[in-house]
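Reminder, nothing fancy here: chain letters follow the sequence lines and each chain counts from 1.
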Protein chains: 4
Amino acid sequence: MAPRPKNPPPDRRAEILDAALRLFAAKGFEAATNAEIARAAGVTAAALYYYFPNKEELFRAAVREHVGTFVPTVADLTRADRGLESLRELLRRAMDFFTDGKSQMVLKIVLAEGPRRPEIRQAWIDQTAAILEMLTPFIMHAIAAGQIRPVDPRLAFMLLQGPIMSAVVLRDLLQIPFMQGIENDAVVDALLEITLPGLMPNR
Amino acid sequence: MAPRPKNPPPDRRAEILDAALRLFAAKGFEAATNAEIARAAGVTAAALYYYFPNKEELFRAAVREHVGTFVPTVADLTRADRGLESLRELLRRAMDFFTDGKSQMVLKIVLAEGPRRPEIRQAWIDQTAAILEMLTPFIMHAIAAGQIRPVDPRLAFMLLQGPIMSAVVLRDLLQIPFMQGIENDAVVDALLEITLPGLMPNR
Amino acid sequence: MAPRPKNPPPDRRAEILDAALRLFAAKGFEAATNAEIARAAGVTAAALYYYFPNKEELFRAAVREHVGTFVPTVADLTRADRGLESLRELLRRAMDFFTDGKSQMVLKIVLAEGPRRPEIRQAWIDQTAAILEMLTPFIMHAIAAGQIRPVDPRLAFMLLQGPIMSAVVLRDLLQIPFMQGIENDAVVDALLEITLPGLMPNR
Amino acid sequence: MAPRPKNPPPDRRAEILDAALRLFAAKGFEAATNAEIARAAGVTAAALYYYFPNKEELFRAAVREHVGTFVPTVADLTRADRGLESLRELLRRAMDFFTDGKSQMVLKIVLAEGPRRPEIRQAWIDQTAAILEMLTPFIMHAIAAGQIRPVDPRLAFMLLQGPIMSAVVLRDLLQIPFMQGIENDAVVDALLEITLPGLMPNR
DNA sequence: CATGAATGAGCCTTCATTCAT
DNA sequence: AATGAATGAAGGCTCATTCAT
């Protein structure tokens, strides 16, 4: 007899996490109700308690699931250190990453709940730390190689990441009309053509 | 059944708005309860309804009170157009402004509730629009004068404002340990010495 | 110098009682709020407490003002005992009386609150008692005179008053469509031509 | 946090409706609180919201449940048209029906809330319409058969139903002392012996 | 594995009432 | 004579959570 693959095994847990992330991002932790999440996941509110001890944990799990996803990308690019080329690629990837739907959900959540929920903040801290730990030696190396001028790596980070964040927040999250129509590439190009040269050593 | 403190007739409305802003920033719209806000303002929850029709309106009023406060500063500096000097001053002032307690409260609220509350988003949009309307001609003028190279003013805005936002969000709102100890001046200096030169025309 | 008649002295108390009656009839005791009544009377809610000790008393006063107004009419007609002629006149007057706006307000209130408010019920009891006290001897007299057949005066009362009440309740208070268009006169005529003959002794 | 009585799974919904009807009749819609109703039904106030979307709907459901219960009786009696005999029976049944506890609750509610709540009024309208639709041809038929004299069926209705309503309202709802002790039979007899003969054609 | 039924706690809101002015 | 400001008490409703089935 043939194996019974049956219709795709409904991964309830994943479905719930998915619905949860969506609703937490859309309405915030308090305003998103268990009932709503459950409905979106196709189960009953009571069912949530089979998979998670409580709403708080469901929330954490949903966020954890997606925070830190960008770290491997950074790892790859810094490891294969091709200098400025890697940096350019990194900026491109970062911009694309934070333009993705799920990333924006997480970002929304982190910006909204991070300031008041230690665990959320911590998750973001961990992620940032991981990235900076890889980026810092990379930048130091570039400085030593005379490719960029000596700066506090944290400031360099802000200078490069800030505009990306600004673009995502103003254009996507707050949807400021004036900022609509600015392409991801335009932002990255501006970084590459303006900020990056500024970072280079005066000849 | 209803005694009442008397003596110095304080500005209840202002006190309530103050407490409201504080608590909304600290806990979010949903999590901040009327009772809490009232207590912080030294009145009863019922008193809130004497001054505002409901929680929602109190919230809006509290936010409106402080959104847009930075606009006059931009107006002053762009009007007295002293070129790059004005821009430098503007960056310094912006950094200081968003480091102020009240501004950070508003920022927290806007980042948290803006994506889901049209009125909040609109308030921020209006503010940004006002600033950009003054900044755009200013930048165009600088381009015409050959002081900076030709760029989309919106991208210039992102390049300059992004790092400020990044600093405030990462260092102050999310309190990422790695970012602690970075002074406002350092950020502004980095902008002035790195991004700004990058904006200048190639010699 | 001429007398100073000034603009009609605002009889606040009367205005308040008026507004109160209107609103109590329209929305019921609980649903009619002090603020509403006050607004309708052109004063502040606090002002009500200058004229009445509390909402309850205002309510009673408003009802008392108008309950029993029909008694004098009955008194006149039974005193000047012109037999059946008086009875006919009485029915006509009763029908007209309860068709009047204020009477219907009171009736609405009595039917709604009477069953649960002893004072209201009592006011109605007193009124009914007064009427029956005058009507009973009148009917007894008519029986003795052989004008109507011997019946329990209370039943006679029901037979004659019931249809009037039915008309007012069904047509005016509940506004049953089917009953619209029935004139007061038609009801009175039916009573005079049908019930009254039935009351007469068999020839 | 939420234990619960179990054992005989009683019909909660019915129990709630029952308690609701009782309390709404006794204290009116506004004055009857959810907590009270719930207590009377042996559940928590929150449980009401499991079965009904809100207080208003609970109210409607409770009333609807019992309005119109008398219609089938009328149907039976008019269908099996035994002329005046049927009418006599109908009056007897009507009197008994409206003397029943539940009917009086509903009547209280309709008289109290009908004038201000369209849905309640409508329910009563529908019921009355149903009855009149059966009664009208019945009366026309009796007229045609020369059993009663030609009258507007609506007036005939008032003449017969009015005294019943009067009896119930004055004796039972308002509990006017003077009207106590009047038996249902006495009212029906009066109708049969006085009003009915009046309705008959003059010989 | 999932649900239906139910609850306790708490929140927003309304309202009658007070009292200094 | 009347009001503005404020309150205490309560009410309707929501929601996370539980548990027997």
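Using modelled atom types, no side-chain atom of B:Lys108 and backbone atom of B:Phe24 make a donor-acceptor pair closer than 3.5 Å.
Distances shorter than 4.0 Å separate none of the side-chain N or O atoms of A:Thr44 from OP1 or OP2 on E:dA2. Applying the 4.0 Å criterion to OP1 and OP2 of F:dA5, one finds that B:Tyr50 has a side-chain N or O inside that range.
Using a cutoff of 4.0 Å between basic side-chain nitrogens and carboxylate oxygens, C:Arg22 and C:Glu15 are not scored as salt-bridged.
Atoms OH (A:Tyr49) and P (E:dC1) sit 19 Å apart, rounded to a whole Å. Remark: P of F:dG12 and CZ of D:Phe52 are 15 Å apart, rounded to the nearest angstrom. Note: CG (B:Asp11) to C1' (F:dG4) measures 15 Å, nearest angstrom. Atom CD1 in B:Ile37 sits about 18 Å away from atom P in E:dG10, given to the nearest Å.
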> So what's the dot-bracket for DNA chain F: Watson-Crick or G-U pairs under 3.5 Å, [ ] if a pair crosses, | if it pairs off-strand?
Replying inline: .||||||||||||||||||||

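Candidate nucleotides F:dT3, F:dA16, F:dG12 were compared by shortest atom distance to the side chain of A:Asn34, and F:dA16 ranks first. The side chain of B:Asn54 sits closest to E:dT13 out of E:dT17, E:dT13, F:dC13.
Residue-level contact check: D:Ala32 touches the backbone only, with heavy atoms under 4.0 Å from sugar-phosphate atoms and none from bases.
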